[in-house]
Each structure stands twice: as structure tokens, then as C-alpha cells.
Engineer: 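The structure that follows is given in the form of C-alpha cells.
From a predicted model like this one, the values you see are computed outputs, not experimental measurements. Numbering of residues begins at 1 and proceeds along the displayed sequence.
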Amino acid sequence: MDETLLQFIRHLRHHGLAISTAETLDAMRVVATIGYSDPSLLRDGLASCLAKTVEDHSHFEECFARFFQSQLGSKTDEHSSDAATNENPSSENQGDGAASGEGEGAGNGQGSGGSGSSQRDSATLNEVIRAAAEAELENIQYRTQRGVYRRKILNALNDEQTLSDIQKLLDAGDDEQAHLLEQARQQQLATVKELIERQLLLNNDAAGKQLRDATLKDSSLSAMEHYHRERLPPLIRKLAKKMASRHRQRHKRARRGKLDLGKTLRRNMAYGGIPFHRFWKTTRKDKSEIFVLCDISGSVSAWSRVLLLFVEALSDVLPNTRSFVFCGQSIEVTDLFKQYPADEAMAIIQQRHGLGGSDYGLALNSFWNQIEDKLNRRSCVIILGDGRGNGGDTGIEALRSIYHRAKLVLWFNPESHYSWNTGDSEIRRYQSASHYVAECGSLRKLERLLDQLLSLLR
């Protein structure tokens, strides 16, 4: 197996690219066909079978440039060395002569170390790479581990024997040969050091990215600086993609429609092919309608932005979704997400409708007036807000009407549970007219809530 390619695929997986076993086999066929000599051709060939989306292509380009910055050089040298050997067959005879010379000098201790260890070429690099793979170098994460992995690789390369050979040559007075062997060893040490440092940087980059993502998922949005909030949309799309792969719209087998001939014959083989039991191809989707209402006033606008981005990224498994925002009156913004990319649509929404304080009474009453004729027992309503109406009308009657009409009413509160029902918070009243009220103060909590919702709607 091509260990270099497998390490590259592991590197891609560490950076979030989903690569199956079949795609790995396709990549191996690509490398076997085009080799490593042309970096551009290799990049395009591997991208054709490993990168599936525009975002994947972007990550692939970065990972390829980072991973193969030194690997391609060693592979190219290997091919050049092989070509030179094939073009100059006399080198084999010269090697035999050198071998016979070593045989003559074996008695004085110069033979075994003199030439076998001194002729270090591109094959040594391949040997170093293989030894590194055997030592599981891809698992190195800390700079303090460099010495351990360096010793593992040198042991695989029989470095102790090389040192012994050098000392024998010095004792025999062959300083020139000893110097050549020492130069070859130093070159080998430099190659090992470069390999370790390079792999350490690769692993640290992947581990650092995973750590940053985990930190962002567990951090409160209110505590994040603007720079970190700007990193959320790609992470949200990544989480939504994984969630969408776990959930698909539910299908039901129909009792009428086009006959599924193959299944019907298979299930009736015991009856001689007589179709006592018939099966139909026609299916229908049991769709759920989602209504999302988000408070975009200053206190909770960051959480509303995250929820709307999440819902938009889940459009494949939540196709029938209508989005509303409010500070005062509820305004539908579903069409904005159809007209603009999600990030741009959110900027427009915040600019047009994000000024002012929360008026839950006006928001819930206007929301009910807009969706009253659309609600049914398949409808799910998600409201995101802190429930602080500044002492005004709570709109509880409108929420109760929604509660009695819809299948589910979920209230996501970004505030800590310990802050509920303090000050002007009316969350206790809203709990009486909701099926479930939950804290969603971090990306991980919101991800878990949406995952549970999708499980209920399957």
C-alpha cells in the first residue's frame, strides 16, 4: 500500500473531509496511474475522487499544498533515481565490483560499514518514510515527543550499526571513508528531523483546528469576540452537514400505485410466483412544516443568527421551513434566504429589522395572525428569545393558540437557566404554553436540541 497516500487521506479526514474506503481505492488507482512526478496532475487527479463539494475543494487545496510541500520532492527524486538506474545498467556491474572490494576488506573491519551505509540516495528517504509510518509518526502531537519518535525512526534505520561502522573505520585509520559515512549519517539525521517537524506541524494544525471548533461549540456566544463569531458560519455548516446525513425525510409505503414487480416476485417465490402479496413502488413523504420565530434585538441577536444559519443549512432535511424575525412586529424573511447566501441574508435582516427592544406581545400576536391558517398537527414552531418583554404585553394568549393548534411548540432560551424568571423575565408564563423550553446558550446545546427535533420529526 502507498503509505504516503494513506497519510494524506488521514490528514484530509482530520480536517473534516469525509472520505470513504471506495474513494481511497479510487485515489490509489489515480496515484498508480499518474505517479507523483507532476504535482499539478496529481492534485487534480486526487481532487477528482476525494473532494465532492466546492467547500471540500477549498479544504483539499490547502491540505494538499501543506502536506506535499516536501513529499513531492522525495517522490520525484525516487522516480529520477529509478530512471537513472534503468538508463545506466553498467552501474549494477560497478556495484558488484564495489561489493567484491568490500569482501576483501571485510577481514580488517572496514567491509560491512564502508560502502553499504555510505551510499545514501533517494531510497534512504523512502526508508525513512516507511520507518516513520511503522513508528506511527502521524500520532505525534507535542514537541516534547520529538526525541522519542526520532529514536524510533533511527532504530528502524539501524543507526547504532552505522555508528559502530564509523568507529571501526576510525580505528582502522580510514578517516576519509569514516568522514563520508558520517556525512551520510548527518544527512539522514537532517531528513529525519525535517520529517518529524513537518508531521508535528501537520498534526498540530489538525489538532488545533479540532480544539478551536470544540471550544467554539462549548462557549457562550455572548462571551465571544467578533473575530470568533465570524468563524461560526463554516462550523455551523459543517455540523449541519453531519446532522443532515443522520436524518432523512420519512417515507411511507403506499397501498396503491405502480407495482414493485421485483419485490413482489421475490416475496411470492414460495407460492410459485403467484402474487398473493403485492408491493407498490409509490411512496409519499410525511412532511413536517417548521415555523421559526427569532428575537433579533440586541440582547439575543447573536443566538438568533446562529439558529437561522443552522436551519438554513438543514434545508435538505427541513425543506418546509418559514423563518420570521422580530423586535416588535414579526416579519417573515424566508424569501431573503432564497435570494441571497445565508451570511448575506443575515446581514440584510439585521440591518433592516434589528433595531429596537423586544416587544413580545406585538411579536406573538402578529406571528399568530400570519400563520393561523397554516398551522396544523404536522406543524412545529420554534421560538428563540429570552422572554424579557420589558414589562409590556406578553402575548401569552397568542402563544396558547399556537400551542393548541401545532404539533410542537419549542422555546429556546439563550440565557442561563439560573437567570430565568428574574427581573422582567416572563419565561415561566411561556413555559405553560410550550411543549418544551430549553437553554441554548452554546452551539453544542443548540446542535443537540435540533438533533433531537429532527429525531422527533423523522
Side-chain angles (χ1 to χ4, degrees), residues 55 212-244 290-318 321-360 363-364 367 380-388 410-416 419 437-451 453-454:
E55 187 175 356
R212 288 193 300 271
D213 288 351
T215 302
L216 287 176
K217 288 174 67 174
D218 291 322
S219 298
S220 171
L221 298 185
S222 58
M224 290 185 187
E225 298 293 338
H226 179 73
Y227 166 76
H228 294 101
R229 291 184 184 180
E230 291 303 313
R231 298 176 62 89
L232 285 178
L235 177 58
I236 291 172
R237 287 190 289 269
K238 176 183 175 182
L239 296 175
K241 182 178 179 181
K242 290 183 178 179
M243 197 183 302
I290 312 295
F291 297 89
V292 181
L293 177 64
C294 293
D295 183 356
I296 56 171
S297 63
S299 57
V300 293
S301 60
W303 286 275
S304 295
R305 179 172 183 260
V306 169
L307 176 59
L308 289 172
L309 288 175
F310 234 130
V311 170
E312 178 62 22
L314 288 170
S315 58
D316 288 343
V317 288
L318 294 175
T321 302
R322 295 176 61 182
S323 301
F324 297 78
V325 298
F326 74 91
C327 283
Q329 184 171 349
S330 296
I331 301 169
E332 184 169 6
V333 294
T334 307
D335 290 340
L336 284 175
F337 286 102
K338 296 178 181 178
Q339 297 172 12
Y340 302 96
D343 294 347
E344 187 176 347
M346 282 305 309
I348 295 174
I349 291 170
Q350 192 64 41
Q351 182 181 9
R352 292 180 181 176
H353 313 297
L355 301 177
S358 303
D359 186 340
Y360 278 85
L364 290 173
F367 180 57
C380 175
V381 177
I382 303 174
I383 301 174
L384 188 145
D386 56 8
R388 296 184 180 275
L410 309 177
W411 192 296
F412 295 165
N413 192 337
E415 284 191 337
S416 170
S419 299
V437 178
E439 178 186 343
C440 65
S442 69
L443 189 57
R444 188 182 298 276
K445 291 179 180 179
L446 186 57
E447 177 193 12
R448 187 181 302 117
L449 290 171
L450 290 176
D451 189 56
L453 171 63
L454 290 173

Engineer: Over all heavy atoms of both residues, which pair between Glu312 and Ala342 is shortest? Give the atoms and the distance, please.
Structural biologist: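 Heavy atoms only, the tightest pair is CG-CB, 4.0 Å.
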
Engineer: Kindly give the heavy-atom pair with the smallest separation between Ala345 and Phe337, and that separation in Å.
Structural biologist: CB-CD2, 3.9 Å

Engineer: For residues Thr321 and Leu314, determine if any side-chain heavy atom of one lies less than 4.5 Å from a side-chain heavy atom of the other.
Structural biologist: no

Engineer: Any side-chain to backbone donor/acceptor pair from Ser304 onto Asp295? Under 3.5 Å, distance only.
Structural biologist: yes

Engineer: Mark yes or no for whether Ser323, through its side chain, and Thr334, through its backbone, hold a donor-acceptor pair below 3.5 Å.
Structural biologist: no

Engineer: Is the backbone N or O of Gly385 less than 3.5 Å from a side-chain atom of Trp303, with the two atoms forming a donor-acceptor pair by type?
Structural biologist: no

Engineer: Mind checking the CD1-CG spacing from Ile383 to Leu364? Nearest 0.5 Å is all I need.
Structural biologist: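 Answer rounded to 0.5 Å: 5.5 Å.
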
Engineer: When rounded to the nearest 0.5 angstrom, what distance separates CZ in Arg352 from CG in Leu336?
Structural biologist: 5.5 Å

Engineer: Taking only residues two or more places apart in sequence or in another chain, which ones pass ring-ring contact (aromatic ring centres under 6.0 Å, His included) with Phe367?
Structural biologist: Phe324

Engineer: Once you round to the nearest 0.5 Å, how far does CZ of Arg448 lie from CG of Leu443?
Structural biologist: 11.0 Å

Engineer: Can you name the closest pair of heavy atoms from Asp386 and Pro414 and give their distance?
Structural biologist: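 In terms of heavy atoms, the two residues are closest at N-CD, 4.2 Å.
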
Engineer: Take Ile290 and Val311 through the test side-chain contact (heavy atoms from CB on, under 4.5 Å) and record every step on the way to the result.
Structural biologist: CA-CA 10 Å; Ile290 312 295; Val311 170; 5.6 Å; no

Engineer: Atom CD1 in Ile382, atom CG in Leu307: separation rounded to 0.5 Å?
Structural biologist: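 Reported value, rounded in 0.5 Å steps: 6.0 Å.
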
Engineer: Looking only at heavy atoms, what is the nearest atom pair of His353 and Ile296, with distance?
Structural biologist: O-CD1, 3.3 Å

Engineer: State which residues pass side-chain hydrogen bond (donor to acceptor under 3.5 Å, both in side chains) with Ser419; sequence neighbours excluded, sorted by chain then number.
Structural biologist: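 Ser419 satisfies side-chain hydrogen bond (donor to acceptor under 3.5 Å, both in side chains) with no other residue.
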
Engineer: Check ring-ring contact (aromatic ring centres under 6.0 Å, His included) between Phe326 and all other residues, then give those that pass, not counting sequence neighbours.
Structural biologist: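 In terms of ring-ring contact (aromatic ring centres under 6.0 Å, His included), with neighbours along the sequence ignored, Phe326 is linked to Tyr360.
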
Engineer: Would you please test Met346 and Tyr340 for side-chain contact (heavy atoms from CB on, under 4.5 Å) and show each step?
Structural biologist: CA-CA 9 Å; Met346 282 305 309; Tyr340 302 96; over 6 Å; no

Engineer: Just to verify, what does Glu344 make a side-chain hydrogen bond (donor to acceptor under 3.5 Å, both in side chains) with, not counting sequence neighbours?
Structural biologist: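 So Glu344 forms no side-chain hydrogen bond (donor to acceptor under 3.5 Å, both in side chains) with any residue.
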
Engineer: Could you grab the distance from atom CZ of Phe310 to atom CG of Leu446, nearest 0.5 Å is fine?
Structural biologist: 6.0 Å

Engineer: Checking Gln351 now: which residues fulfil side-chain contact (heavy atoms from CB on, under 4.5 Å) with it, not counting sequence neighbours?
Structural biologist: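 Once residues adjacent in sequence are excluded, Gln351 has no partner under the side-chain contact (heavy atoms from CB on, under 4.5 Å) criterion.
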
Engineer: For the CD1 atom of Ile348 and the CG atom of Asp343, what is their distance to the nearest 0.5 Å?
Structural biologist: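 Result: 11.5 Å between the selected atoms.
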
Engineer: Would you please name every residue forming a salt bridge (Lys or Arg N to Asp or Glu O under 4.0 Å) with Arg388, sequence neighbours left out?
Structural biologist: Glu415, Asp424

